[in-house]
Protein chains: 2
Amino acid sequence: MKPITRKQEIITVASRLFNEKGYKAVSMRDIATAMDIKAASLYNHIKSKQEILSEIILKVAEEFTVGMENVLAENSSAIKKVEKVIELHIDITVNHSEALAALNNDWMHLEEIDLRSFVKMREDYEENFRSIIKQGIESGEIKPYHPEVILFSILSTLRTLYLWYQKRGKLDVNVLKKDMVSVLIKGIV
Amino acid sequence: MKPITRKQEIITVASRLFNEKGYKAVSMRDIATAMDIKAASLYNHIKSKQEILSEIILKVAEEFTVGMENVLAENSSAIKKVEKVIELHIDITVNHSEALAALNNDWMHLEEIDLRSFVKMREDYEENFRSIIKQGIESGEIKPYHPEVILFSILSTLRTLYLWYQKRGKLDVNVLKKDMVSVLIKGIV
DNA sequence: AATTCTAACTAACAAGCGTTAGTTTTGTTA
DNA sequence: TAACAAAACTAACGCTTGTTAGTTAGAATT
């Protein structure tokens, strides 16, 4: 099913360390020490430190992209779509909590091609979310506040969810979904 | 009024660079180059790189602390207090947009004493905000959602406001206050 | 039993880091 | 104009960084 390769182990350990101190503050020797090997040994499995960062960030970014595409493909109300987006964020937060720190704070350390790819995905994601909200306002499902403020408000909350999730010790997923949907949606309908 | 010392210039330039790439990714030589001098010259004005970070973060953290104390001292409803907190964040965002990046992402690179001081301030701040919300729920002003979820939702939005403020090109402060208060409050009353 | 593969190792590199010491330039005041 | 302080400079330090080269031990395959 999931053959835990040595490379994947490195990426997991690195995610944990990047989550704590950030990409630039973690050295290859830090990662190696955490795995009880020497820094040079890491290079039997990965090409560079950059590759680690890139795999962490782009894998999760693609999950967001695919998730958003699924939501858009649905034939349902705007509010239902917003609910689905919220659930998407919660699922990813629960499964990749530590990768989200890198995605949020270290994306600017990606190199050219990966950087462009990431920024594009993030812009598209925001634009798609924005269109859902606008659509909801037009149909009268969502209050006619400034769409940008609604987008920003919801997205800020969802993007920093991983910080709360880590602090409050692994809340139950379904309870989390129910509460988040309530608080985030009730304010705008 | 405000005698722009050379030290203050350094801190301003450093804030801008930290905002772009993070504390660890910015070298003293980067800061110096941005000021058209050599790295060693910086040390005529500051003690260490750490001091720069510490001044950036703690100065703003104290503004939050003082601001929250003023709100608590008021004799007004819970909702009014929440409004004041929102306005506090907006004012600080407008005046110290770039310092907020360091405060949000680089606080863990503070050294011992400053680190403890910062963490204490942040915990107290959250606790005070939490108590305002709880008080509002008890008095019936605020809907009886889980206070932690309300706290998290509002605080996430306010804490990442600087990112949007920078992107959307310096919005008008008063418009911002009105819209933010609407969207953030209307959902919970 | 011989070979190949995997994953570790040691040793070292060139570049960059924060910082210090000592010196020179610049601008203001006596 | 001489003296002084402020703020720049050059040169270097010890240390850490990401990474490479070459080697070795053990396991799997032929």
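Because the structure is a prediction, the values reported are computed rather than measured. In what follows, every chain begins at residue 1, and chains take the letters A, B, ... in the order their sequences are listed.
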| request: Figure out the OH/P separation between A/Y23 and D/dG18, and round it to whole Å. | output: 8 Å
| said: Is there a side-chain contact between B/S41 and the phosphate of D/dA7, meaning an N or O under 4.0 Å from OP1 or OP2? | reply: no
| remark: Against the side chain of B/S48, the closest entry in D/dG18, C/dT19, C/dA8 is C/dT19
| note | Taken to the nearest whole Å, CZ/A/R6 to C1'/C/dA8 is 9 Å
| said: Would the base of D/dA6 count as contacting B/N44 through its side chain, where contact means a donor and an acceptor less than 3.5 Å apart? | reply: no
| Is there a side-chain polar atom (N or O) of A/S27 under 4.0 Å from OP1 or OP2 of D/dT17? | yes
| message | Quick check: closest heavy atoms across B/D114 and B/S54, and the distance to 0.1 Å? | response | OD2-OG, 3.1 Å
| Counting side-chain heavy atoms from C-beta on, which of C/dA21, D/dG18, D/dA7 comes nearest to B/A40? | C/dA21
| task | Please name the pair of heavy atoms, one in B/W107 and one in B/I57, separated by the smallest distance, quoted to 0.1 Å. | result | CA-CD1, 3.7 Å
| message | Does the Lys NZ or Arg CZ of B/K49 fall within the cation-pi geometry relative to B/Y23 - under 6.0 Å from the ring centre and within 45° of the axis? | response | yes
| said: In this structure, how many angstroms lie between the P atom of C/dG18 and the NZ atom of A/K24, rounded? | reply: 11 Å
| query | Within the modelled atom types, does a donor on one side and an acceptor on the other bring the side chain of B/R29 and the base of C/dG16 under 3.5 Å apart? | reply | no
| query | Should A/H45 be listed as having a side-chain N or O under 4.0 Å from OP1 or OP2 of C/dA8? | reply | yes
| Separation of C/dG18 P from B/K49 NZ (nearest whole Å) | 4 Å
| task | Give the ring-plane orientation class for B/Y125 versus B/H89, where under 30° counts as parallel, over 60° as perpendicular and anything between as tilted. | result | perpendicular
| task | Rounded to the nearest angstrom, tell me the gap between atom CD in B/E51 and atom C1' in C/dT19. | result | 14 Å
| Given C/dT10, is OP1 or OP2 found less than 4.0 Å from the side-chain N or O atoms of A/K38? | yes
| note | B/H109 NE2 to C/dG18 C1', in whole Å, measures 15 Å
| said: Distance check needed: D/dG18 C1' versus A/M28 CE, whole Å only. | reply: 7 Å
| query | Does any N or O in the side chain of A/E141 come within less than 3.5 Å of the main-chain N or O of A/G136, such that one atom is a donor and the other an acceptor? | reply | no
| query | Can you tell me how far P of D/dC13 sits from OH of B/Y43, to the nearest Å? | reply | 18 Å
